[in-house]
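Okay, structure first, notes after.
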Amino acid sequence: MNSLPNQQQRVLSGMRPTGALHLGHYHGVLKNWIKLQHEYECYFFVADWHALTTHYEDVQILERSVWDMVIDWLAVGVNPGSATLFIQSQVPEHAELHLLLSMITPLGWLERVPSYKDQQEKLRERDLATYGFLGYPLLQSADILVYKAGLVPVGEDQVAHVEMTREVARRFNHMYGREPGFEDKVEQAIKKMGKKNAKLYKELRRKFQEQGDIEALSTAQALLDGQQNIKLSDKERLFGYLEGGGRIILPEPDALLTPASKMPGLDGQKMSKSYGNTIALREDPEIISEKLRKMPTDPARVRRTDPGDPEKCPVWKLHQVYSNDEVCSWVQEGCKTAGIGCLDCKTPVIDAVLKELAPIQERAREYEQDMGLVQNIMKEGRDRAREVARETLAEVRQVMGLEYR
Ligand code: TRP
Ligand code: SF4
């Protein structure tokens, strides 16, 4: 659990610009973002610096990949009216916080992150023995902490990065949140709540500290959250005091695990560009139909008269995403009895995919034809994001002794 009250949790997530997105991205990450954008204050950004940590040699395609990805976000319904969308490198505060956090981050923490060695082995053809690549998770920590995000939607492979972010935040708060005269400042701040609330706050804090009462902790957090006449820095002290430490400047975020996408690729493996089994969101409908018609099926069905087993067929996995119960039973029955042919079986899937993509492609075309609009959306997002990021950096600089007057 993080130390932020529920109602005001900010959600932040980033995606590396890999170019045009596919159905795996849509069914995995993007649908989740679209849901979250209505429930929380969301920040979604293009992690272009992260792309450079591994693809620093491919800068010619970077810009195209960024815009292709943004067009796809917008086309599927990630809504710039609900969420703040921006490009990481346009908010240089991420880099400044990364630098400052690097001062207190032990090398071992970075070397220990599982993705560090994994990716180096996986991307053998690239030289990833670089400073930038080692710092990948810390840059991600800066992305998160610069917005004081409470929830970070990520896939399983990224959970370790959020964990490390928590450790970095804890270390930061421990080191810089223990200002001189902390206890006195806390006392002053408690008084400002008024007698009744002050008493309640102290009681709840005691319940949490002495009995580990989590309920009391969240009640106290909600109480603090509702205080109108306490300034932000005092609130941070009171949040920190609740949990025993110093002032909480950078709250610890929680990972919000994105359920693994059920979207299979054309070969039944997970849909992924590196497997070459994708259907891109903006792919031509003719080509999509053809790809699906050519998809492998249960190898036991050599002839039309051979019965098959849907469990051994990647097409069945697609039915599980796209078809209702009725169609699913029709597939089961027809396949096992050789009552239907594989092409018959694929028809409802082809129809469903095309129907799903038609409005997305329509909207994508509108954005493609109005890149000025797309750029403006990202500029507005950048401005909104920067405002938040600047505030955090002002605090961070101050506690790190960098505020010269
Ligand atoms: N590393 C993430 C990925 O590869 C992308 C990312 C960068 C990110 N910064 C982030 C995700 C901050 C969540 C929060 O998917
Ligand atoms: Fe696969 Fe359908 Fe053919 Fe059975 S009938 S093998 S489920 S495509």
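Whatever order the structure lists ligands and atoms in, that order sets their numbers, starting from 1.
- The atoms of ligand 1 that sit less than 4.0 Å from any heavy atom of Tyr136 are 1 (N), 2 (C), 3 (C), 4 (O).
- With ligand atoms numbered from 1 in the order given, ligand 2 contributes 8 (S) to contacts under 4.0 Å with heavy atoms of Val315.
- Two residues are said to be in side-chain contact when any heavy atoms from C-beta on lie closer than 4.5 Å; Pro153 and Val29 fail this criterion.
- Protein heavy atom closest to atom 1 (Fe) of ligand 2, with residue, atom name and distance, is Cys313 SG, 2.3 Å.
- Checking only distances, His161 never comes within under 3.5 Å of ligand 1, N or O to N or O.
- Atom 2 (C) of ligand 1 has Gln158 OE1, 3.2 Å as its closest protein atom, hydrogens excluded (heavy atom only).
- At least one heavy atom of Arg301 sits under 4.0 Å from some atom of ligand 2.
- At distances below 3.5 Å, not a single donor-acceptor pair connects side-chain atoms of Ser323 with backbone N or O atoms of Gln320.
- In this structure, atom 9 (N) of ligand 1 lies nearest to the protein heavy atom Asp143 OD2, 2.7 Å.
- The proximity of Val154 to ligand 1, defined as any non-hydrogen pair under 4.0 Å, is limited to the side chain.
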Next on the checklist: Pair Gln332, Lys336 - check side-chain hydrogen bond (donor to acceptor under 3.5 Å, both in side chains), show working.
Outcome noted: CA-CA 6 Å; Gln332 286 286 342; Lys336 288 175 183 162; 2.8 Å; yes
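- Note that CE of Met371 is 9.5 Å distant from CD1 of Ile377, once rounded to the nearest 0.5 Å.
- The shortest contact between atom 8 (C) of ligand 1 and any protein heavy atom is with Gln140 NE2, 3.5 Å.
- Here the side chains of Arg237 and Gln188 are not in contact, with every heavy-atom distance at 4.5 Å or above.
- Taking 4.5 Å as the limit, every side-chain heavy atom of Thr130 sits out of range of all side-chain heavy atoms of Thr53.
- Across Glu403, Arg247, Arg390, Met400, a single residue satisfies side chain to side chain contact (heavy atoms under 4.5 Å, CB included) together with Glu395, and that is Arg247.
- For atom 2 (Fe) of ligand 2, the closest non-hydrogen atom of the protein is Cys345 SG, 2.3 Å.
- With no hydrogens or angles considered, a side-chain donor-acceptor pair links Gln269 and Asp267 at under 3.5 Å.
- The nearest N, O or S atom of Cys342 is closer to atom 3 (Fe) of ligand 2 than 2.8 Å.
- Of the protein's non-hydrogen atoms, Gly14 O, 3.8 Å is the one closest to atom 6 (C) of ligand 1.
- For Cys335, every N, O or S atom stays at 2.8 Å or more from atom 1 (Fe) of ligand 2.
- Using a 4.0 Å cut-off to heavy atoms of Asp298, the atoms of ligand 2 that qualify are 6 (S).
- Between Arg397 and Glu96 there is a salt bridge, since a side-chain N of the basic residue sits under 4.0 Å from a carboxylate O of the acidic one.
- Listed by number with element, the atoms of ligand 1 under 4.0 Å from a non-hydrogen atom of Ser13 are 13 (C).
- Of all the atoms in ligand 1, the ones that sit under 4.0 Å from a non-hydrogen atom of Leu12 are 12 (C), 14 (C).
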Checklist entry - Could you walk me through whether Gln37 and Trp33 pass the side-chain hydrogen bond (donor to acceptor under 3.5 Å, both in side chains) check? => result CA-CA 6 Å; Gln37 71 187 355; Trp33 284 12; over 6 Å; no
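- In summary, the atoms of ligand 1 found under 4.0 Å from a heavy atom of Val152, numbered by their order in the structure, are 13 (C), 14 (C).
- Between the side chain of Asn79 and the backbone N or O of Ile34, no donor-acceptor pair lies under 3.5 Å.
- Under 4.0 Å from ligand 1, not a single heavy atom of Tyr147 appears.
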